[in-house]
**Student:** 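Could you have a look at this structure, given as structure tokens, before my questions?
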Amino acid sequence: MANEPATLHPVARLPEEWNRIVAEAGERPFRAKEIFRWIHQKAITNPAEMSSLPTKLKTHESLQGAPIGEVERVHRSADDTRKLLIRMKDNAPVETVLLPRVSGPGSAADLESEDDDEDDELAREPANGPITRVTQCISTQVGCAMGCVFCASGVAGLTRNLGPEEIIGQILLAKREFEPNERLRGVVYMGMGEPLHNYPATKRSLELLTHPDGINLSKRRITVSTSGLIPEIQKLGEDFGGQIGLAISLHAVTDERRSALMPINKRYPLAELMKALARYPLPPRRRITIEYTLIAGENDTHEDARRLVKLLRGLKTKVNLIPMNGIEASSLGPPSFERVLQFQEIVAGAGMSCFVRRTRGDEVAAACGQLALLGATRKIRAHRKPL
Ligand code: SAH
Ligand code: SF4
């Protein structure tokens, strides 16, 4: 928690911090939660619209924050995946993706850290037809400093960090794009940027997202994906008791190859990374997700698959294979599907859980993890109300 809550954007404040502000304004304590609920449960950030508040609070300076941004475009693909392009207030483009659940291996559900078959909400709300669970993929930075050669964000480089209000703001803004039968059931930090390279903002966004008076998403339905920043993996484990799902972008099984694809490996080599994973305080029955983007001629041999098995032996993991999505800035591309299946067979054959992740929303390039700053393909709705 920051020491000076007054400097935080109103959307980034926790109820505990509103307590102090509300007390200083001479208002009753229950107003703190009330303000927090307006923002995080109703996605109302304009104090003038918080109808239950007394005028003195509505006009209080602590509630006046600059708008976060607005949804500029929504691209919808045939499978109902929606990619939202958000313009932050300084014009920075940020993408977030809504992935309605389709069951089966490789589905959005696979991105979540927990299987959630027993869904109480489904049982409770049968009246208006079945509920569709949605996983949202969010960004933590504009671009990325990690420089992975196969990744559009990495090639673009880092423009800036997102603030916690901009990270959580993607969820508040996207709320208006939900269909009546859709519910947010999972959040994956797999959009643009390296979440652990912006750890303080990522941490606060997790606190906001899981707060019982706010969106109240269960920690086990959240997954943070990282290229392997070891000190911050440890912090994440400590700060949330291992409850937040962890995904590691591995993508190679030797230091030489991994350093060529992912420069961060020079700082945090494989052996150290594996030790850090072994130390992550995983709750019982939970596993770390290993993401392995298959790139033709780079990391896709049978030998690579066998080494992967060896590397992960003894760790509680599940492997997601992602055939690389081509990007403009690179000639690298995916292997043949046959080769992908052979790789999977070797890993699964060794008794490890291993899935091939289906690409979602291809025609709008909404593949989670490849949120490039691509041009529009189809403009279906424009200029939503700013948040
Ligand atoms: N920076 C974090 C989170 C965002 S990327 C990380 O790297 O983990 C989400 C996933 O998509 C990562 O596993 C990333 O390596 C992968 N990815 C990036 N570019 C890709 C591409 N062109 N094709 C397939 N996967 C890609
Ligand atoms: Fe950054 Fe992740 Fe892309 Fe690497 S794969 S450049 S860490 S966003």
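All ligand and atom numbering here is 1-based and tracks the order in the structure.
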**Student:** The test is side-chain hydrogen bond (donor to acceptor under 3.5 Å, both in side chains); show your working for T226 and E194 and say whether it passes.
**Tutor:** CA-CA 6 Å; T226 177; E194 166 51 59; 2.8 Å; yes
**Student:** Which of the numbered atoms in ligand 2 are under 4.0 angstrom from any heavy atom belonging to M146?
**Tutor:**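 That gives atoms 1 (Fe), 7 (S) of ligand 2.
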**Student:** Is there a nitrogen or oxygen of G193 sitting under 3.5 Å from a nitrogen or oxygen of ligand 1?
**Tutor:**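 G193 vs ligand 1: N/O contact under 3.5 Å present.
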**Student:** Atom 3 (Fe) of ligand 2 and C148: any N/O/S contact shorter than 2.8 Å?
**Tutor:** no
**Student:** Report, in ascending order of atom number, the atoms of ligand 1 lying under 4.0 Å from any heavy atom of I327.
**Tutor:** 22 (N)
**Student:** Where does S227 meet ligand 2, judged by heavy-atom distances below 4.0 Å: at the side chain, the backbone, both, or neither?
**Tutor:**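 The part of S227 near ligand 2 is the side chain, not the backbone.
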**Student:** Does any N or O atom in S225 lie less than 3.5 angstrom from one in ligand 1, N or O only?
**Tutor:**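 It does: an N or O of S225 is found under 3.5 Å from an N or O of ligand 1.
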**Student:** Verify salt bridge (charged side-chain N to carboxylate O under 4.0 Å, His left out) between D90 and R160, making sure each step is shown before the conclusion.
**Tutor:** CA-CA 11 Å; D90 66 348; R160 70 171 176 88; 2.7 Å; yes
**Student:** Please test R87 against E72 for salt bridge (charged side-chain N to carboxylate O under 4.0 Å, His left out), starting from the C-alpha separation and ending with a verdict.
**Tutor:** CA-CA 6 Å; R87 272 294 158 198; E72 186 176 288; 2.8 Å; yes
**Student:** Does this structure show an ion pair linking E17 with R204, if we count only N-O contacts that are shorter than 4.0 Å?
**Tutor:** yes
**Student:** Any Lys/Arg nitrogen of K58 or E49 sitting under 4.0 Å from an Asp/Glu carboxylate oxygen of the other?
**Tutor:**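 Salt bridge flag = no for E49 with K58.
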**Student:** With a 4.0 Å cut-off on heavy atoms, is S227 in contact with ligand 1?
**Tutor:** yes
**Student:** Out of all atoms in ligand 2, which are within 4.0 Å of some heavy atom of G154? Include the element for each.
**Tutor:** 6 (S)
**Student:** Which of the listed options, G191, G154, C144, holds the heavy atom that is closest to atom 4 (C) of ligand 1?
**Tutor:** G191
**Student:** When you measure from atom 8 (S) of ligand 2 to each heavy atom in A152, P195, G193, which option holds the nearest one?
**Tutor:** G193
**Student:** Check each atom of ligand 1 against the heavy atoms of C151 and keep those under 4.0 Å away; list them by number with element.
**Tutor:** 18 (C), 19 (N)
**Student:** By number and element, which atoms of ligand 2 are closer than 4.0 Å to a non-hydrogen atom of E194?
**Tutor:** 7 (S)
**Student:** Run the salt-bridge test on R82 and E177 with the 4.0 Å N-O cut-off and return the result as yes or no.
**Tutor:** no
**Student:** Nearest 0.5 angstrom please: R306 CZ to L311 CG, how far?
**Tutor:** 15.0 Å
**Student:** Judging by distance only, is a nitrogen or oxygen of F150 under 3.5 angstrom from one on ligand 1?
**Tutor:**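 Yes, at least one N or O pair falls under 3.5 Å.
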**Student:** With a 4.0 Å cut-off on N to O distance, would you call K235 and E238 a salt bridge?
**Tutor:**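 The answer is no: the pair does not qualify as a salt bridge.
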**Student:** Given V155, T293, L261, identify the one with the heavy atom nearest to atom 24 (C) of ligand 1.
**Tutor:**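 It is T293 whose heavy atom sits nearest to atom 24 (C) of ligand 1.
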**Student:** Should E34 and R28 count as an ion pair when the cut-off is N to O under 4.0 Å?
**Tutor:**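 Salt bridge between E34 and R28, a charged N being under 4.0 Å from a carboxylate O: no.
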